[in-house]
Each structure stands twice: as structure tokens, then as C-alpha cells.
Amino acid sequence: MVVGDFPIETDTLVVGAGPGGYVAAIRAAQLGQKVTIVEKATLGGVCLNVGCIPSKALINAGHRYEHALHSEDFGIKVENVTVDFTKVQEFKQGVVNKLTGGVEGLLKGNKVEIARGEAYFVDSETVKVMTETSSQTYKFKNAILATGSRPVEIPTFKYSKRVLDSTGALNLQEIPKKMVVIGGGVIGIELGSAYANFGTEVTFLEAADDILAGFEKQMTALVKKRLKGKAVEIHTKAMAKGVEETETGVKVTFEVGGEEKTVEADYLLVSVGRRPNTDELGLEQVGVEMTDRGLVKIDKQCRTNVSNIYAIGDIVEGPQLAHKASYEGKIAAEAIAGEKAEIDYLGIPAVVFSDPELASVGYTEATAKAEGVAVNAAKFPFAANGRALSLNDTDGFLKLITLKENGVVVGAQIAGPSASDMISELSLAIEAGMTAEDIAMTIHAHPTLGEITMEAAEVAIGSPIHIVK
Ligand code: NAI
């Protein structure tokens with residue numbers, strides 16, 4: 001303890017103010033706890049600052065540009081469409097600032113103390129919060145670890161001015177003429193597509209046999225079809241071998257089908273996964289158990305093996321999704337307050353903001369089969385929906401997965417416009433234990449994309465109206 005460092009006592013100490021941590025802090029405060037949240041960078045974490053939110057602003061701007069260029073089918077012709085990318089970046093940053101400012105207001109409004117600095121665990125009741133010039137000790141009754149993740153760095157592709165991680169790719173000040181993307185996962189596809197929409201020639205190098213692992217082939221095929229309509233090349237089963245960097249660009253070597261190839265570009269985006277931020281917290285001093293991959297082991301209430309320390313979000317098992325972190329944050333806060341809350345991941349949706357959007361929740365036909373769960377699948381195409389036709393956006397389908405024995409909804413997959421919004425109705429159905437009949441009997445406003453969900457449910461119960469049985 002440094003001179004003058006008198007410990008501050010708090011009930012619940014949350015480490016990390018991303019969508020996991022700040023939500024946990026607010027819920028703990030609502031439940032009557034004295035809460036301190038520690039954050040070394042800007043409030044809001046990766047999601048708000050350099051992830052979900054800015055990427056969606058960029059993706060949306062790219063769509064605006066594309067629509068301006070290609071609205072002939074609607075009878076609209078726009079000439080001399082140009083992009084002021086500085087303005088695009090300003091728009092993106094404005095959205096980020098509004099939201100991170102909002103988080104600060106919410107924390108303060110809930111009387112959560114914000115401690116700026118880096119947290120280091122001394123023992124299971126003590127944390128030091130350090131900045132370059134100060135150190136403050138906190139004594140806590142319970143702690144919630146919510147420190148998130150950072151991009152994996154491959155030794156042969158060290159991040160630099162031209163070799164970018166997702167943060168670098170989001171913050172470019174110019175639209176690249178050419179870009180190479182290593183990793184056709186969620187980040188690669190979302191950011192690569194955003195730049196492709198601005199006119200960048202994009203080459204994707206994906207090691208696996210398809211992009212967007214975890215989504216069904218019928219869904220990824222639609223994304224590939226759209227991408228191929230742009231200046232995009234997709235190499236699957238492609239191993240990136242190395243990069244030569246110059247002042248003005250990169251030359252990337254890769255191997256595909258036993259042949260070595262090179263591609264030149266202005267920038268290389270490396271998006272090959274994220275690793276948990278659990279290595280510099282002093283957790284070893286507390287004896288918190290971890291997996292080989294550096295993930296913290298938790299029980300169904302997000303509690304670690306150290307009974308007053310909880311962990312949530314990207315540092316625990318499961319998909320690295322902001323809404324999963326927030327959900328776990330609420331569970332941890334409620335568990336600390338002595339409530340019986342427990343995690344149940346079946347209703348957690350996964351969304352890709354690709355073209356078209358993809359969304360999935362619960363079981364797929366394949367995961368149900370793998371677990372020996374007997375299910376039926378009922379499909380309805382966007383092309384048979386009036387709203388989709390009027391949007392001139394009809395590629396896609398909704399597949400509803402129900403239990404064979406009683407029609408209870410246990411999953412859904414959507415590819416198509418607004419899939420990201422439509423999936424929530426299916427999450428609700430799973431959470432509430434609804435049957436396909438419940439959805440089919442729910443009046444959905446006409447004409448909306450939401451009717452596709454109702455129609456798929458009608459297919460499931462054997463009485464579809466807008467497709468022939
Ligand atoms: P990812 O795990 O989704 O994809 C990484 C891809 O890189 C995989 O397809 C993998 O096969 C490939 N890969 C790995 N090493 C490679 C190599 N040497 N050469 C070529 N390909 C290689 O990881 P990503 O895209 O970095 O995203 C990280 C996390 O962020 C994901 O878990 C995702 O859930 C989350 N995220 C979620 C978003 C959303 O909810 N919309 C948006 C962005 C990220």
C-alpha cells in the first residue's frame with residue numbers, strides 16, 4: 001500500500017465497463033449494493049467504442065452509399081454520388097460519443113462510483129486500482145470480472161500501420177482501394193463488406209471451408225452471392241503465410257489448393273478471433289480457476305471457484321457477444337443479491353450484419369440432431385412476403401425449429417433484411433416456451449417482415465396461407 005492509500009470499502013466491485021460490466025454494475029446498484037466500477041479506458045468497452053456500435057455506423061453509411069448508387073429499380077437515378085469519408089468517420093464517432101456519454105450518465109444516475117485505472121487483485125477481497133501516477137486500494141465483498149477480450153495477434157502478421165486489427169480498420173481515414181482480410185468470421189465479413197460497399201476491392205482469405213462458421217451453408221451462400229456481385233474475391237481453405245509491408249501497402253502471400261499466391265493491397269485486416277483479457281489481473285494470486293485458453297471457469301450463476309468472485313462476458317465460455325455479456329452481468333448481480341437467477345443460453349441470438357443479415361437462436365437442425373433432440377424445421381421465404389418485395393430485398397428465408405413432440409419453439413435461423421431485429425421475437429418465443437401455434441395465432445401487422453415469422457409458424461403447424469403446402 002502506498003503512503004496515504006487508505007482503502008475504500010465497497011459492496012460490489014466490477015472490473016471493466018463494457019456491456020457486461022456496466023450492466024452488471026447498474027443491476028447491482030438497483031439491488032441495493034454500493035457499487036464501484038473500474039475502467040482503464042473509455043466507458044462502454046470494445047462494443048461501444050471500437051466494436052459493435054462504430055461498425056454498425058460504418059456499415060449503415062456504406063449501405064446509404066450503395067443505395068444512392070443503385071436505386072434504378074425504384075426509378076431513381078442519382079448522379080455524381082461521392083463519399084466524404086471524413087464526414088463518415090465524424091458521424092461514426094458522434095454515435096460512439098453519444099452512447100459512451102450515456103453510459104457515464106446511467107452509472108452516475110445509479111450512484112455507481114467510477115474508478116479510473118487498471119485493476120490488480122491483491123487477494124480475494126482487495127484490489128489495487130492504478131494509474132501512471134496513483135494507486136488506490138479497494139476492499140470489496142463481491143467482485144465481478146468483466147474485462148472482455150482483444151484481437152488475437154498472429155506472430156507473422158504483427159499489427160502495424162498497414163496490418164490492422166478491427167480497431168485499426170474501423171478508424172481508417174480513407175477508403176482503401178484494395179484490402180485483404182484474413183479470417184472470414186464475423187468481424188472480417190462485417191468490416192470487409194462495409195468497405196466493399198464503399199467500393200474497396202476486398203480479398204478474403206479464410207482457412208476453413210466456408211466463411212462464417214456456425215451459420216448454415218444455405219445462409220452463408222446468400223452472403224457469398226451478394227459479395228460476389230461486388231469487387232470481392234473469397235478464398236476458402238486458404239492459409240495466409242506472410243506479409244511484406246511497404247510505406248504504401250502490403251503484399252500478402254497465401255496458399256490455396258497447394259499453390260502459393262500473392263495479393264497486393266493498401267491494407268491488411270487480420271480478424272482471426274479474440275482472446276480473453278485475463279492475463280494481467282493478478283487472478284493467480286486469488287486462485288481463480290481458468291481453462292487452458294485463459295477463460296475463467298464459472299458455474300450457472302457466473303460464480304468462479306472463489307465464492308465471492310464472479311466472471312462474465314468474453315472471459316468465460318460461450319460466444320463472444322455483447323448481449324451475452326449483459327445477460328450474464330444481470331445474472332451475476334442478482335446472484336450476489338441472493339436471488340436464484342441462473343444462466344440459460346438457449347435463447348441467446350447471434351447476428352451477423354452482413355448482406356443479407358444473418359441471425360440464429362437456439363437449436364439448428366444440425367445441433368439438435370447432434371444432441372439427439374427430435375425437431376421439425378419449417379421454412380418460409382422472404383420472396384413470398386409483400387413487405388420484402390416492396391423493399392426490393394427478397395433473398396432469404398426464415399427457418400423455425402420446433403420440438404417434434406409438442407411444437408415448442410427451440411430455435412430459428414433467419415437470412416434476409418432485418419434478420420437482426422426479427423430474431424428477437426424468436427428469442428422471446430424460446431424464453432417463454434411458446435409453440436409454433438402461439439406464433440401462428442399472434443396477429444402480425446401487415447405488411448411487415450414480421451409476418452414471415454408467423455408464416456413459418458403456419459408452415460410448422462401445417463396450414464400455410466401464402467405458400468402452397
Ligand atoms: P471469428 O472466430 O468469428 O472468425 C475468425 C475466422 O478466422 C474463422 O473463420 C477462422 O477459421 C479464421 N482463421 C483463423 N486463423 C486463420 C488464418 N491463419 N488464416 C485464415 N483464416 C483464419 O473471429 P472474429 O471475426 O475475429 O470475431 C471475434 C468475435 O467477435 C466473434 O466471436 C464474434 O462473435 C464477435 N463479434 C460479433 C459481432 C456480432 O455479434 N455481430 C460482430 C463482430 C464480432
Side-chain angles (χ1 to χ4, degrees), residues 18-20 45-60 148-159 163-170 180-194 203-215 217 219-220 223-224 233-243 252-256 261 263 268-277 293 295 313-327 345 348-361 414-415 419-421 423-424 427:
V46 169
C47 171
L48 269 66
N49 289 285
V50 288
C52 328
I53 298 300
S55 65
K56 261 75 274 173
L58 205 63
I59 288 167
N60 186 40
S149 61
R150 60 184 185 273
V152 165
E153 188 171 51
I154 310 177
T156 34
F157 297 96
K158 284 242 170 273
Y159 295 122
V163 180
L164 310 172
D165 62 7
S166 51
T167 303
L170 277 168
V180 177
V181 178
I182 300 181
V186 188
I187 294 181
I189 292 298
E190 286 192 2
L191 290 181
S193 304
T203 305
F204 290 98
L205 305 177
E206 167 56 56
D209 66 354
D210 199 4
I211 58 168
L212 297 172
F215 286 89
K217 298 253 182 232
M219 302 170 86
T220 56
V223 176
K224 285 188 285 192
E233 267 187 47
I234 302 172
H235 297 279
T236 50
K237 295 187 189 162
M239 276 316 292
K241 306 281 261 190
V243 59
V252 181
T253 313
F254 63 101
E255 198 182 295
V256 64
K261 297 187 175 184
V263 53
L268 166 65
L269 162 62
V270 184
S271 47
V272 293
R274 301 180 61 85
R275 56 179 290 205
N277 294 326
R293 292 170 48 225
L295 295 168
D314 286 7
I315 62 169
V316 302
E317 281 291 349
Q320 294 172 313
L321 299 170
H323 48 270
K324 168 185 172 274
S326 302
Y327 169 71
Y345 290 131
I348 289 189
V351 168
V352 190
F353 292 82
S354 46
D355 295 325
E357 290 182 354
L358 306 185
S360 181
V361 64
I414 315 175
S420 58
D421 288 317
I423 200 72
S424 295
S427 290

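Count residues from 1 along the sequence. First listed ligand is number 1; within each ligand, the first listed atom is number 1.
Contacts of I182 with ligand 1, taken as heavy-atom pairs under 4.0 Å, involve the side chain alone. Residue-level proximity to ligand 1 for L212 is absent, since no heavy atom of it falls below 4.0 angstrom. Using a 4.0 Å cut-off between heavy atoms, L321 contacts ligand 1 through its side chain alone, with no backbone atom that close.
From the protein, the heavy atom lying nearest to atom 16 (C) of ligand 1 is V272 CG1, 3.5 Å. Atom 35 (C) of ligand 1 has as its closest protein heavy atom Q320 O, 3.3 Å. Considering only non-hydrogen protein atoms, atom 44 (C) of ligand 1 sits nearest to I187 CG1, 3.2 Å. The closest protein non-hydrogen atom to atom 38 (C) of ligand 1 is V186 CG1, 3.4 Å. If you check which protein heavy atom lies closest to atom 39 (C) of ligand 1, you get V351 O, 3.3 Å. Of the protein's non-hydrogen atoms, R274 CD, 3.8 Å is the one closest to atom 30 (O) of ligand 1. In terms of protein heavy atoms, atom 1 (P) of ligand 1 is closest to G185 CA, 4.1 Å. For atom 7 (O) of ligand 1, the closest non-hydrogen atom on the protein side is G183 CA, 3.3 Å.
At least one N or O atom of E190 sits closer than 3.5 Å to an N or O atom of ligand 1. At least one N or O atom of G273, backbone or side chain, sits closer than 3.5 Å to an N or O atom of ligand 1. In terms of polar-atom proximity, defined here as any N/O pair under 3.5 Å, M239 makes no such contact with ligand 1. Close N/O approach between A208 and ligand 1 is not found [any backbone or side-chain N/O within under 3.5 Å]. Between E206 and ligand 1, a contact under 3.5 Å exists for at least one N or O pair.
With contacts defined as side-chain heavy-atom distances shorter than 4.5 Å, the pair F254/I182 does not qualify. In this structure, E190 and S271 have side chains that are not in contact, with every pair of non-hydrogen atoms separated by 4.5 Å or more. L191 has its side chain out of reach of V181: every pair of non-hydrogen atoms, C-beta onward, lies at least 4.5 Å apart. You'll find the side chain of K241 stays beyond 4.5 Å of the side chain of T156, heavy atoms only. In this structure, the side chains of V46 and R274 come closer than 4.5 Å at one or more pairs of heavy atoms.
In this structure, the side chain of S360 does not engage the main chain of A350 through any donor-acceptor pair within 3.5 Å. Not a single donor-acceptor pair under 3.5 Å links the side chain of E206 to the backbone N or O of I211.
Those atoms of ligand 1 that come under 4.0 Å of a heavy atom in L205, given as number and element, are 20 (C), 21 (N).
Nearest heavy atoms, P356 versus V223: O-CG2, 3.9 Å.
In this structure, A213 falls outside the shell of residues with a heavy atom less than 4.0 angstrom from ligand 1.
Side chains of S193 and D355: a donor-acceptor N/O pair is absent below 3.5 angstrom, by distance only.
Listed by chain and residue number, nothing satisfies the salt bridge (Lys or Arg N to Asp or Glu O under 4.0 Å) test with D314 (two or more places apart in sequence, or in another chain).
By the neighbour-count criterion of 12 heavy atoms within 6.0 Å, atom NZ of K56 is densely surrounded, having more than that number from other residues, nucleotides or ligands.
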